[in-house]
Amino acid sequence: MSNQSTALIYLDYNATTPLAEEVIESIKHSLKVWGNPSSKNPEGIKARHLIDESRRNVASCISAKPSDIIFTSGGSESNNWVIYSSLKSFNSKNPDRNLPHIITSDVEHDSIIGPLTELEQNGKIRITLLRIDPKTGELDVKNLASKINTNTCLITIMWANNETGTIMPIKEIARVVRRKEEELGSRIFLHTDAAQVIGKLNVDVTDVPIDFLTMAGHKFYGPKIGALFVKNLQESREFYPMIYGGGQESGWRAGTENVPMIVGLGRACSLVTENLQQFADNMKKTRNYLEEKLQERFGENNLHFNCKSTHRLPNTCNVSITMDGCKGYKILEKAEKFCCSTGSACHSNTCEKPSKILLKFGIEWKCAMNALRLSTGRNTSCEDVDVVVDELERVVKLLSVEHIII
């Protein structure tokens with residue numbers, strides 16, 4: 001099914017996705033189950049059964065045990081939780097040691113960089129920010145290994161970057177971390193924010209020795225809640241709650257569960273489990289078609305594909321039209337038939353700052369200012385792409401004329 005029936009062709013699926021029809025139906029059905037999942041009466045038991053089924057669906061999506069899944073409000077909560085729990089675990093075992101040390105990359109989501117920066121400024125931790133290798137667009141695993149020391153308690157690296165689509169070598173990182181853990185004789189937690197990869201790549205936590213994994217439903221046609229995978233959660237003496245109160249989520253996260261959204265998340269996960277290859281194939285087909293058509297229409301000398309590595313999400317194209325006057329935000333201001341993202345830090349009225357993430361990937365300032373992030377979805381068609389490329393050509397011609405006049 002094409003996007004052409006809508007007013008705008010949507011190519012911003014890395015930002016958020018619409019609810020799948022099957023997810024909407026599951027949520028509607030669950031709204032009739034109004035009982036408190038903690039109650040032992042018939043209505044409460046019905047609600048509990050729905051949560052249990054959803055937990056199984058989420059676990060199956062990443063080949064995990066259902067008992068290792070905790071439902072959260074979203075990716076930001078999950079990311080913050082991992083950080084604070086890891087610190088508490090380290091400090092409880094090492095009251096007289098130096099500051100706990102956390103390693104991450106400088107292209108992580110703000111829900112990782114934000115809390116880490118706050119903790120460092122308050123003298124609670126020491127951070128090592130790893131830079132991206134400009135040659136590969138990925139993390140240098142050897143460099144990461146060299147930064148690990150006896151005070152390293154957490155390494156948190158995203159599975160794939162939301163702006164460039166670059167896939168990080170998580171499996172290789174995990175092997176290095178486990179080896180260093182044995183060498184140093186100290187516990188090192190490994191977390192990955194997998195918000196961008198669920199529904200696009202196969203994720204199997206039995207194949208990658210990680211401790212924590214973050215999921216965000218709205219990135220794969222589910223509701224705006226999340227889940228956190230914690231390896232061997234029920235046997236863990238190293239993981240700590242962040243929200244205290246009742247005994248929900250087996251005592252790990254207090255608060256009456258949001259049953260309809262949990263049901264929606266479970267259904268979104270089951271759709272991924274059942275249809276992943278089909279979804280990914282269409283995203284890749286239309287993304288590749290988009291890049292081919294852009295080259296045909298604008299020519300290689302007028303385009304720069306940002307971080308177009310072989311290890312890339314199947315749906316993501318970050319491209320700059322390098323002609324004068326073609327800043328990304330100006331293109332989107334003029335575009336009438338599609339929407340996407342620039343990745344720009346548009347927190348002011350000027351929008352005259354490029355994406356800080358692209359700059360850290362080694363993209364030059366002018367090129368980053370012209371960047372567009374186009375991310376295809378499950379139902380994006382080649383016909384949609386044709387409309388987008390035609391509209392881009394119209395807008396670029398318009399901007400080029402305006403630039404000459406100015």
Side-chain angles (χ1 to χ4, degrees), residues 64 68 70 72 75-131 139-159 168-195 205 208-215 226-244 252-253:
D68 287 350
I70 307 173
T72 69
S76 291
E77 179 191 334
S78 297
N79 288 347
N80 276 261
W81 192 353
V82 166
I83 291 168
Y84 284 96
S85 176
S86 298
L87 287 184
K88 189 169 184 178
S89 177
F90 178 88
N91 289 329
S92 68
K93 297 175 187 175
N94 308 285
D96 300 322
R97 248 199 224 181
N98 294 327
L99 286 178
H101 174 230
I102 295 178
I103 299 174
T104 190
S105 81
D106 64 358
V107 296
E108 298 295 315
H109 191 269
D110 285 343
S111 60
I112 291 290
I113 298 296
L116 291 181
T117 301
E118 176 74 12
L119 286 163
E120 185 177 53
Q121 289 174 347
N122 288 324
K124 302 293 186 183
I125 63 170
R126 192 168 60 82
I127 307 172
T128 294
L129 281 178
L130 300 173
R131 294 184 177 179
L139 279 181
D140 183 332
V141 180
K142 289 183 179 179
N143 182 43
L144 183 152
S146 71
K147 305 300 182 183
I148 299 173
N149 61 54
T150 54
N151 291 313
T152 304
C153 64
L154 173 66
I155 296 172
T156 174
I157 304 293
M158 57 174 38
W159 199 308
M168 301 300 172
I170 292 299
K171 194 170 183 178
E172 188 180 353
I173 290 170
R175 285 199 297 266
V176 166
V177 171
R178 295 300 163 233
R179 188 180 72 244
K180 294 292 288 187
E181 198 174 43
E182 289 184 15
E183 290 175 4
L184 297 172
S186 58
R187 186 71 169 98
I188 304 171
F189 295 112
L190 178 59
H191 165 250
T192 185
D193 182 345
V205 296
V208 185
I210 55 176
D211 298 293
F212 309 111
L213 180 143
T214 292
M215 304 172 71
L228 177 63
F229 161 78
V230 182
K231 187 175 183 179
N232 298 326
L233 173 64
Q234 301 310 323
E235 296 84 45
S236 176
R237 295 184 178 180
E238 301 176 314
F239 186 70
Y240 293 87
M242 192 164 70
I243 300 175
Y244 292 87
W252 294 108
R253 183 181 187 273

Straight-line distance of [X] [atom1] to [Y] [atom2], nearest 0.5 Å:
X	Y	atom1	atom2	result
Lys124	Tyr84	NZ	OH	10.0 Å
Cys153	Ile188	SG	CD1	9.5 Å
Asn149	Thr128	CG	OG1	7.5 Å

Would you say the rings of Phe239 and Trp252 are close, in the sense that their centroids are separated by under 6.0 Å?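 Yes; Phe239 has its ring centre under 6.0 Å from that of Trp252.
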Identified side chain to side chain contact (heavy atoms under 4.5 Å, CB included) counterpart of [X] within the set [options]:
X	options	result
Ile155	Ile102, Ile148, Thr192, Thr104	Ile148
Ile125	Leu154, Leu119, Leu99	Leu119
Glu108	Leu130, Ile157, Leu116	Ile157
His191	Val230, Ile210, Asp211, Ile112	Ile112

For [Y], is there any backbone N or O sitting under 3.5 Å from a side-chain donor or acceptor partner on [X]?
X	Y	result
Thr117	Ile113	yes
Ser86	Val82	yes
Asp140	Asn143	yes
Glu77	Thr72	no

Return the minimal non-hydrogen interatomic distance between [X] and [Y], and the atom names on each side.
X	Y	value
Ser92	Tyr240	OG-OH, 3.4 Å
Leu144	Ile103	O-CD1, 4.3 Å
Ser111	Pro115	O-CG, 3.1 Å
Lys171	Val208	CA-CG1, 4.0 Å
Glu181	Arg187	OE2-NH1, 2.9 Å
Met242	Trp81	N-NE1, 3.5 Å

Check whether any side-chain heavy atom of Pro209 lies under 4.5 Å from a side-chain heavy atom of Leu190, and answer yes or no.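 Pro209 does not reach Leu190 side chain to side chain.
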Side-chain contact, heavy-atom cut-off 4.5 Å: Phe90 with Asn151?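 A side-chain contact exists here, since the closest heavy-atom pair is under 4.5 Å.
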Counting neighbours of NZ on Lys93 that are heavy atoms of other residues, nucleotides or ligands and sit closer than 6.0 Å, is the number greater than 12?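 Above 12, so yes.
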Arg131 atom CZ, neighbour heavy-atom count above 12 within 6.0 Å: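 No, CZ of Arg131 has 12 or fewer neighbouring heavy atoms, counting only those of other groups under 6.0 Å.
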side-chain contact (heavy atoms from CB on, under 4.5 Å), that's the test. Do Ile83 and Glu118 meet it? Break it down for me. CA-CA 12 Å; Ile83 291 168; Glu118 176 74 12; over 6 Å; no
As a test of understanding, state which of Asp110, Thr156, Thr214 forms a side-chain hydrogen bond (donor to acceptor under 3.5 Å, both in side chains) with Asn79.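 Exactly one option meets the side-chain hydrogen bond (donor to acceptor under 3.5 Å, both in side chains) with Asn79, and it is Thr214.
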Do Arg179 and Glu182 sit within salt-bridge range, that is, some charged N less than 4.0 Å from a carboxylate O?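 Judged by the 4.0 Å cut-off on N to carboxylate O distance, Arg179 and Glu182 do not form a salt bridge.
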Under a 4.0 Å N-O cut-off, is there an ion pair linking Glu172 with Arg175?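 Not counted as a salt bridge, because no side-chain N and carboxylate O are separated by less than 4.0 Å.
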Determine, stepwise, if the pair Thr152 / Lys180 fulfils side-chain contact (heavy atoms from CB on, under 4.5 Å). CA-CA 10 Å; Thr152 304; Lys180 294 292 288 187; over 6 Å; no
With side-chain contact (heavy atoms from CB on, under 4.5 Å) as the criterion, how do Ser76 and His109 come out once you've worked through the C-alpha distance, each side chain's angles and the decisive distance to 0.1 Å? CA-CA 9 Å; Ser76 291; His109 191 269; 4.3 Å; yes
